[in-house]
Amino acid sequence: MKYWLVKSEPDSFSLQDLIDCPNSTEMWDGVRNYQARNNLKAMSEGDQVFFYHSSCKIPAIVGIAEVTKEHYPDPTASNPEHSGFDPKHSEENPRWFVVDLTFKQALSRPITLSWIKQQEALSDISLISKGSRLSAMPIEDAHWCYIVNCAKL
DNA sequence: GCCAACGTTGGC
DNA sequence: GCCAACGTTGGC
């Protein structure tokens, strides 16, 4: 099992929004960056995912979700009406993908970006290193465990 | 709202 | 294939 982190702007889709989805499950669509896409494709069913709130007052990891369906073509990329439409994408020859994420639990306290930056043990976490703008990125086991322990689930 | 750090696009 | 121009992300 692998660990990941996905980002979402809470103004457009928050952890609560995921909880409120049917079966607390949502198709994670709209990724239009190749590296982030490759990370989506590397996800397996059962992988655990930190849910991170970005571009907001207090950027933080706020919860945990699970990959419940492995990657499949992003339907929003084939929809000309959709802002994520890509004419070079098709069902037959897909360029962009989604996974399904299911809510698992909220952290009892959010793990803020500013706190993460203060932790020696997390000094090389992908979230604050090169390529940190990716909307989906891998998290090392040790970093995952450190954060989960500190969140006192 | 600013801007640094990227990623993408397209002319050549 | 280079690189300038442009767009996006996301912290501050």
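Values in this document were obtained by computation on a predicted structure and should not be read as measured data. In what follows, every chain begins at residue 1, and chains take the letters A, B, ... in the order their sequences are listed.
Between Gln35(A) atom CD and dT9(C) atom P the separation is 15 Å, expressed in whole Å. Nucleotide dG7(B) holds its P atom 13 Å from the CG atom of Asn38(A), rounded to whole Å. Taking atom CD1 of residue Ile61(A) and atom P of nucleotide dG10(C), one finds them 14 Å apart after rounding to whole Å. Asp86(A) places its CG atom 12 Å from the C1' atom of dT8(B), with the value rounded to the nearest Å. In this entry the distance linking CD1 of Ile116(A) with P of dC12(C) reads 11 Å, nearest Å. What separates CG of Leu113(A) from C1' of dT9(C) is a distance of 13 Å, to the nearest Å. Going from atom CZ of Arg95(A) over to atom P of dT8(B) covers 10 Å, rounded to whole Å. Taking atom CZ of residue Arg133(A) and atom C1' of nucleotide dT8(B), one finds them 11 Å apart after rounding to whole Å.
For Arg32(A), the salt bridge (charged side-chain N to carboxylate O under 4.0 Å, His left out) test picks out Asp74(A), with sequence neighbours left out.
Set against dT9(C), dT8(B), dG11(C), the side chain of Asn33(A) has dT8(B) as its closest nucleotide. Minimum atom distance to the side chain of Tyr34(A) is reached by dT8(B), of the listed dT8(B), dG7(B), dG11(C).
Membership of an apolar cluster is not assigned to Phe97(A), as no side-chain contact below 4.5 Å to another ILVMFWY residue is traced.
Using a distance-only test at 3.5 Å, with no hydrogens or angles considered, a donor-acceptor pair links the side chain of Ser90(A) to the main chain of Asn93(A).
OP1 or OP2 of dC12(C) has at least one side-chain nitrogen or oxygen of Lys117(A) nearer than 4.0 Å. Residue Lys7(A) places none of its side-chain N or O atoms closer than 4.0 Å to OP1 or OP2 of dT9(C). Listed pair Tyr52(A) / dT9(C) fails the phosphate criterion, with no side-chain N or O lying under 4.0 Å from OP1 or OP2.
By the 30° and 60° cut-offs, the orientation of the rings of Tyr3(A) relative to Trp144(A) is parallel.
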